[in-house]
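Below, read A as the first sequence line, B as the second, and so on, with proteins coming before strands; counting in each chain starts at 1.
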There are 2 protein chains.
Amino acid sequence: MTARRADAQRNYDLILATARTVVAEQGTQASLRDIARRAGVGDGTLYRHFPTRDALLEALLRQGFDRLAGRAAELAAALPPGAALRGWLTELVGGAQMYRGMPGSLVAVLTDTTSPLHEACQGMREAAAGLLRAAQQAGEIRSDIDETDALALINSVGWIAEQNPQLASRHDRLLAVVLDGLAA
Amino acid sequence: MTARRADAQRNYDLILATARTVVAEQGTQASLRDIARRAGVGDGTLYRHFPTRDALLEALLRQGFDRLAGRAAELAAALPPGAALRGWLTELVGGAQMYRGMPGSLVAVLTDTTSPLHEACQGMREAAAGLLRAAQQAGEIRSDIDETDALALINSVGWIAEQNPQLASRHDRLLAVVLDGLAA
DNA sequence: ACCTGAACACCGTTCAAGT
DNA sequence: ACCTGAACACCGTTCAAGT
């Protein structure tokens with residue numbers, strides 16, 4: 001991929017930047033043809049660089065995942081274990097809501113080792129596992145759940161507001177209910 | 001609607017029965033054209049009887065909603081308030097999972113008074129509100145939530161398994177976490 | 001190597017023409 | 001009053017033809 005031809009690299013970047021805009025506007029189910037058209041490339045060019053929709057979303061999200069993994073380390077250093085985990089999960093669900101459909105993509109990919117999104121997810125997963133383990137050892141979080149449970153539940157709360165914008169005002173309370181359920 | 005012509009009534013029933021099968025197979029996003037084709041009617045006939053996808057889903061679900069409202073009364077009579085609410089919510093999420101996409105339709109319609117699904121939802125809503133109020137007065141459920149919160153959260157747990165079948169084995173545990181979060 | 005865009009098989013939705 | 005199916009404007013995806 002480092003030996004990419006200059007025009008190919010330019011198109012790759014162009015498609016990705018356009019996809020970021022269009023997905024922010026229309027969600028993860030945005031028309032791929034629309035993305036290609038607005039990027040000014042042929043349909044086939046999009047498919048050459050991103051053979052599946054997940055491949056495109058993956059490229060779109062890798063940055064966000066890396067950032068979240070970094071935030072986990074910061075929070076772990078700054079806060080007690082339970083507060084660090086709760087703070088991190090709260091940031092995660094806020095970030096996933098930036099793109100409509102993202103909680104779904106994230107949950108779908110959580111256990112799918114074949115998806116390109118899964119690889120990008122791993123760093124974040126391990127960060128989640130670390131925070132969770134520490135909070136469990138401190139006796140602040142129930143011991144019968146793992147990081148997959150926590151990520152699935154938190155994203156499901158993000159999904160609610162995206163499914164029905166009128167419920168967005170309830171988001172904080174719903175998140176609090178789930179976090180209380182995770183407590184020991 | 002009682003003065004429906006015989007052929008219209010026959011088509012209405014035929015479309016609904018076919019939709020039940022197809023939605024069970026393919027979820028709430030099933031192709032409307034496919035439903036019309038398998039019912040043996042023209043595309044326009046489906047639109048005449050069900051002008052929107054929601055109208056079709058509503059007809060499909062009214063029975064289930066009525067049944068759930070009835071179950072609420074049974075559980076309220078047979079169990080202490082907290083157990084009645086928890087049992088009812090557990091049945092609800094099990095039923096909603098029968099059709100892929102149903103938790104989403106239900107949450108979407110929860111606050112939309114214009115949708116035909118909303119009307120069908122009202123009986124169930126009131127049943128939920130009654131169970132919830134009793135459980136809150138008994139001090140078993142936290143007092144800062146309403147039935148909309150409870151229904152949204154429970155359906156979000158149903159959404160998880162539908163989004164990623166590999167997470168289905170975690171369903172009972174995830175439901176337990178949310179129910180614990182709802183406890184006082 | 002990479003790009004383009006026509007082509008194919010779908011989809012939701014509408015509406016003139018029939019009975 | 002109701003039904004039909006062609007028609008329209010989309011969509012995802014592929015692939016021969018170009019550079």
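- In this structure, A:Glu162 contributes its side chain and A:Gly101 its backbone to a donor-acceptor pair below 3.5 Å.
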Check step by step if side chain to side chain donor-acceptor pair (under 3.5 Å) holds for A:Asp34 and A:Gln26.
-> CA-CA 11 Å; A:Asp34 191 32; A:Gln26 306 179 14; 3.2 Å; yes

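- The separation between A:Leu56 atom CG and D:dT13 atom C1' is 15 Å, rounded to whole Å.
- A:Gln9 has its CD atom 13 Å from the C1' atom of C:dC2, to the nearest Å.
- Among the heavy atoms of the strands, none lies under 4.0 Å from A:Arg10.
- Between B:Val107 and A:Asn164 the shortest heavy-atom distance is O-ND2, 2.9 Å.
- When each of B:Tyr12 and A:Thr52 is assigned the nucleotide of DNA chain D bearing its nearest heavy atom, the one mapping closer to the 5' terminus is B:Tyr12.
- Under the 30°/60° scheme for interplanar angles, the aromatic rings of B:Trp159 and A:Trp159 are found to lie parallel.
- Proximity of A:His49 to the phosphate of C:dC3: a side-chain N or O atom is located under 4.0 Å from OP1 or OP2.
- No continuous path of hydrophobic side-chain contacts links A:Leu14 to A:Leu56 [ILVMFWY only; heavy atoms under 4.5 Å].
- Between the B:Arg53 side chain and the B:Thr28 main chain, a donor and an acceptor come within less than 3.5 Å of each other.
- Contact annotation: B:Asn11 reaches the phosphate of D:dC3 (side-chain N/O to OP1 or OP2, under 4.0 Å).
- In this structure, B:Arg33 pairs ionically with B:Asp43, as a charged nitrogen and a carboxylate oxygen lie closer than 4.0 Å.
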Pair pattern of DNA chain C in dot-bracket, where unpaired bases get dots and | marks partners in another strand, Watson-Crick or G-U under 3.5 angstrom | ||.|||||...|||||.||

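- Salt bridge status for B:Arg10 with B:Asp7: absent, with no side-chain N to carboxylate O gap under 4.0 Å.
- With hydrogens and angles disregarded, a donor-acceptor distance shorter than 3.5 Å links the side chain of A:Arg173 to the backbone of B:Asp144.
- A:Glu140 places no side-chain N or O within 3.5 Å of a backbone atom of A:Ala183 that could act as its donor or acceptor partner.
- Computed from coordinates, the A:Asp54 CG to D:dG12 P distance equals 14 Å when rounded to whole Å.
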How would nucleotides 14-19 of chain C be written as a contact map, 5' to 3', with B for base contact, S for sugar-phosphate-only contact and - for no contact, using protein heavy atoms under 4.0 Å?
-> BB----

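- Nearer the 5' end of DNA chain C, as judged by each residue's closest nucleotide, is the contact made by A:Asp7, out of B:Arg37 and A:Asp7.
- The stretch residues 26-35 of chain A touches DNA chain D through A:Ala30, A:Ser31, A:Leu32, A:Arg33, each having a heavy atom under 4.0 angstrom from the strand.
- No option in A:Leu89, A:Asp180, A:Ile160, A:Ile154 other than A:Ile154 meets the side-chain contact (heavy atoms from CB on, under 4.5 Å) test with A:Leu175.
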